[in-house]
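Structure first, commentary second.
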Amino acid sequence: RTLLTYNRAWSMLLGGDGTFAKMEDLVITHTQIDELDAYGLGILVQGTIGGQTATRLEGERVRIAHNSAAGLLALDSTEVILKDTVITHTQPITDMSLGRGIALQGTFSEARFEGERVLLAHNHNAGLYVWGLAKAQVTDLVVEHTNPQLSDMSSGRGISVQRSGQLEAE
């Protein structure tokens, strides 16, 4: 069991070729915005572009709440598998944009997400955001009460799949 609370910039970072973490009963709350980066991410997973092995996170019974920018942000060369996960109340950053529950962004290589029994609630901009070379496969997903981003009151989408992103949902 792990509790990460009131950390700065990001509460959990996985980065680099072949990095792996398996977490059970993980709670991440109230990550504070870092003035330099303007983010307060719950989890940041970033791989090495051109690396041999994706950065990988596996989690069961995960709760991520009251963070900023994104509860979970997965970038290039990553694989995230979450089961029984709740991500709620993600807040915008200092310019009042973002606040996504799960954000998957594959700019140069794939960012993969598999989720089972996932609840995304009371986030901003998008509950689930899949962009570029990102792929999401979800089973038993609930996205509710997504608020607009506060900078311009736009979005508030439950799910947003853009720029060749891919989503499979059951």
Side-chain angles (χ1 to χ4, degrees), residues 1-49 51 53-107 111-131 134 136 138 141-147 149-151 160:
R1 295 172 200 198
T2 304
L3 171 64
L4 302 171
T5 188
Y6 289 99
N7 294 291
R8 190 169 218 77
W10 48 76
S11 279
M12 183 174 184
L13 167 68
L14 278 76
D17 194 25
T19 301
F20 172 78
K22 183 173 183 176
M23 308 295 291
E24 294 181 0
D25 301 307
L26 172 64
V27 176
I28 297 175
T29 66
H30 297 94
T31 307
Q32 303 299 297
I33 291 176
D34 180 282
E35 290 79 19
L36 181 63
D37 297 322
Y39 293 111
L41 300 166
I43 301 174
L44 172 59
V45 183
Q46 60 185 17
T48 302
I49 297 170
T53 308
T55 301
R56 183 179 169 99
L57 169 64
E58 295 179 10
E60 290 189 43
R61 297 176 304 279
V62 175
R63 183 174 188 277
I64 302 171
H66 300 284
N67 299 286
S68 298
L72 166 69
L73 173 59
L75 302 173
D76 297 292
S77 299
T78 58
E79 183 176 12
V80 177
I81 300 170
L82 296 179
K83 297 178 181 177
D84 302 311
T85 297
V86 176
I87 300 176
T88 63
H89 297 93
T90 309
Q91 299 302 307
I93 59 175
T94 53
D95 70 1
M96 296 297 145
S97 67
L98 304 176
R100 297 171 178 151
I102 296 175
L104 310 170
Q105 296 178 216
T107 303
R112 291 187 55 227
F113 174 79
E114 294 178 25
E116 292 182 29
R117 297 174 301 280
V118 175
L119 170 63
L120 305 173
H122 299 283
N123 298 297
H124 288 80
N125 182 269
L128 173 62
Y129 180 79
V130 184
W131 185 91
V138 292
L141 171 68
V142 175
V143 183
E144 61 184 18
H145 301 288
T146 306
N147 299 300
Q149 65 181 13
L150 297 178
S151 60
S160 182

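For the numbers below, each heavy atom of this structure counts, side chains included, while hydrogens, waters and symmetry mates do not.
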Next item on the list: List the steps, then state whether side-chain contact (heavy atoms from CB on, under 4.5 Å) holds for L73 with Q105.
Entry: CA-CA 8 Å; L73 173 59; Q105 296 178 216; 3.8 Å; yes
Check: Can you list every ring-ring contact (aromatic ring centres under 6.0 Å, His included) pair that touches residues 67-98, not counting sequence neighbours?
Finding: H66-H89, H89-H122
Next item on the list: Output the distance between atom OG1 (T19) and atom CZ (R56), rounded to the nearest 0.5 Å.
Entry: 13.0 Å
Margin query: Checking Q91 against H124 for the side-chain contact (heavy atoms from CB on, under 4.5 Å) test, could you report, in this order, the C-alpha distance in whole Å, the side-chain angles of both residues, the deciding distance, and whether it holds?
Written below: CA-CA 6 Å; Q91 299 302 307; H124 288 80; 3.7 Å; yes
Checklist line | Test item: V138 and F113 side chains (from C-beta on) under 4.5 Å apart, heavy atoms | finding: yes
Note to self: If I take atom CG from residue L82 and atom CZ from residue R61, how far apart are they, to the nearest 0.5 angstrom?
What the structure shows: 12.5 Å
Notebook entry, point to check: Between R117 and D84, does at least one N-O distance fall below 4.0 Å, as a salt bridge requires?
Noted result: yes
Notebook entry, point to check: Closest heavy-atom contact between L128 and L104?
Noted result: CD1-CD1, 4.4 Å
Notebook entry, point to check: Which pair of non-hydrogen atoms, one from R100 and one from T90, has the smallest distance, and what is that distance?
Noted result: O-CG2, 3.3 Å
Note to self: Under a 3.5 Å cutoff, is there a donor and acceptor pairing between the side chains of S11 and T31?
What the structure shows: yes
Notebook entry, point to check: Which heavy-atom pair separates A136 from V130 by the least distance, and what is that distance?
Noted result: CB-CG2, 3.9 Å
Notebook entry, point to check: Which pair of heavy atoms, one from A111 and one from A74, lies closest together, and at what distance?
Noted result: CB-O, 3.9 Å
Check: Between atom CG of L14 and atom CZ of F20, what is the distance when rounded to the nearest 0.5 Å?
Finding: 9.5 Å
Notebook entry, point to check: With E144, which residues qualify under side chain to side chain donor-acceptor pair (under 3.5 Å), at least two apart?
Noted result: none
Item checked: Spacing of OG1 belonging to T88 relative to CG belonging to N123, to within rounding of 0.5 Å -> 7.0 Å
Check: If we ignore angles and hydrogens, is there a donor and acceptor under 3.5 Å between the side chains of S77 and T48?
Finding: no
Notebook entry, point to check: Atom OG1 in T55, atom CG in D76: separation rounded to 0.5 Å?
Noted result: 10.5 Å
Checklist line | M12/L57 under side-chain contact (heavy atoms from CB on, under 4.5 Å): CA gap, chis, key distance, verdict | finding: CA-CA 11 Å; M12 183 174 184; L57 169 64; 4.2 Å; yes
Note to self: Apply side-chain contact (heavy atoms from CB on, under 4.5 Å) to residues I43 and L26 and explain how you reach the verdict.
What the structure shows: CA-CA 11 Å; I43 301 174; L26 172 64; 4.2 Å; yes
Note to self: Which residues pass the salt bridge (charged side-chain N to carboxylate O under 4.0 Å, His left out) test with R63, not counting sequence neighbours?
What the structure shows: none
Margin query: Please enumerate all residues that pass side chain to side chain contact (heavy atoms under 4.5 Å, CB included) together with A54, with sequence neighbours excluded.
Written below: none
Next item on the list: For the residue pair L141 and L120, establish whether any side-chain heavy-atom pair is separated by less than 4.5 Å.
Entry: yes
Item checked: Atom of N67, atom of A65 and distance for their closest heavy-atom approach -> ND2-O, 3.1 Å
Notebook entry, point to check: Heavy atoms, side chains only, cut-off 4.5 Å: are Q149 and P92 in contact?
Noted result: no
Next item on the list: Side-chain contact test, heavy atoms from C-beta onward, threshold under 4.5 Å: evaluate it for L98 versus Y39 and give yes or no.
Entry: yes
Next item on the list: Quick one: list whatever passes salt bridge (charged side-chain N to carboxylate O under 4.0 Å, His left out) with D17, sequence neighbours left out.
Entry: none
Check: Partners of Q46 by side chain to side chain contact (heavy atoms under 4.5 Å, CB included), sequence neighbours excluded?
Finding: L13, L44, L75
Next item on the list: Output the distance between atom CD1 (I81) and atom CD (E60), rounded to the nearest 0.5 Å.
Entry: 10.0 Å
Check: With a 4.5 Å limit on heavy-atom distance, are the side chains of V80 and L72 in contact?
Finding: yes
